[in-house]
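Structure, as structure tokens:
These numbers were taken from a predicted model, which means no experiment stands behind them. Excluded from the calculations below are hydrogen atoms, water molecules and symmetry mates; all remaining heavy atoms, backbone and side chain alike, are included.
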Amino acid sequence: DPKFYERACERVGLSPEEILYVGDKKDLDLEPARSVGMQAYLIDRRNRLVTPHRISRLDELLGYLEPSSDR
């Protein structure tokens, strides 16, 4: 349910566009997170799925992260 992701944004005090979400199920993680505006990627360590938003290792996310100005 996309409302779950909206509530998560509210709880952490960030807009959906500021969040990078990683899940392992296309219909339960990727699609609802993207529908509310989150950057979302599907982790598929066995390379079984076909989607442009798929990663096979978490370190692949480093290329998608923007440096924080407060670090």
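- Here the side chain of Arg34 pairs a donor or acceptor atom with the backbone of Ala40 at under 3.5 angstrom.
- Residues Leu20 and Met38 are not in side-chain contact: their nearest non-hydrogen atoms beyond the backbone lie 4.5 Å or more apart.
- Contact of the Asp29 side chain with the Tyr21 side chain is registered, since non-hydrogen atoms from C-beta on lie closer than 4.5 Å.
- Ser35 and Glu31 are not linked by any side-chain donor-acceptor pair at a separation below 3.5 angstrom, with hydrogens and angles left out of the test.
- Checked options Asp24, Leu49, Leu30; the residue passing with Ile43 is Asp24 (criterion: side-chain contact (heavy atoms from CB on, under 4.5 Å)).
- Cluster membership check: Leu42 does not share its hydrophobic cluster with Leu58, using side-chain heavy-atom separations under 4.5 Å among Ile, Leu, Val, Met, Phe, Trp and Tyr.
- Applying the salt bridge (Lys or Arg N to Asp or Glu O under 4.0 Å) test to residues at least two apart or on different chains, none of the pairs has a partner in residues 4-23.
- Checked by atom type and distance alone, the side chain of Asp44 never pairs as donor or acceptor with a backbone atom of Arg54 at under 3.5 Å.
- In terms of hydrophobic clustering, with Ile, Leu, Val, Met, Phe, Trp and Tyr side chains grouped at heavy-atom distances under 4.5 Å, Tyr5 and Leu14 are assigned to a common cluster.
- Look at Asp1 and Lys3 and you find no salt bridge, because none of the NZ, NE, NH1 or NH2 atoms lies under 4.0 Å from a carboxylate O.
- In the hydrophobic clustering of ILVMFWY residues, with side-chain heavy atoms under 4.5 Å counting as a link, Tyr41 and Val50 come out apart.
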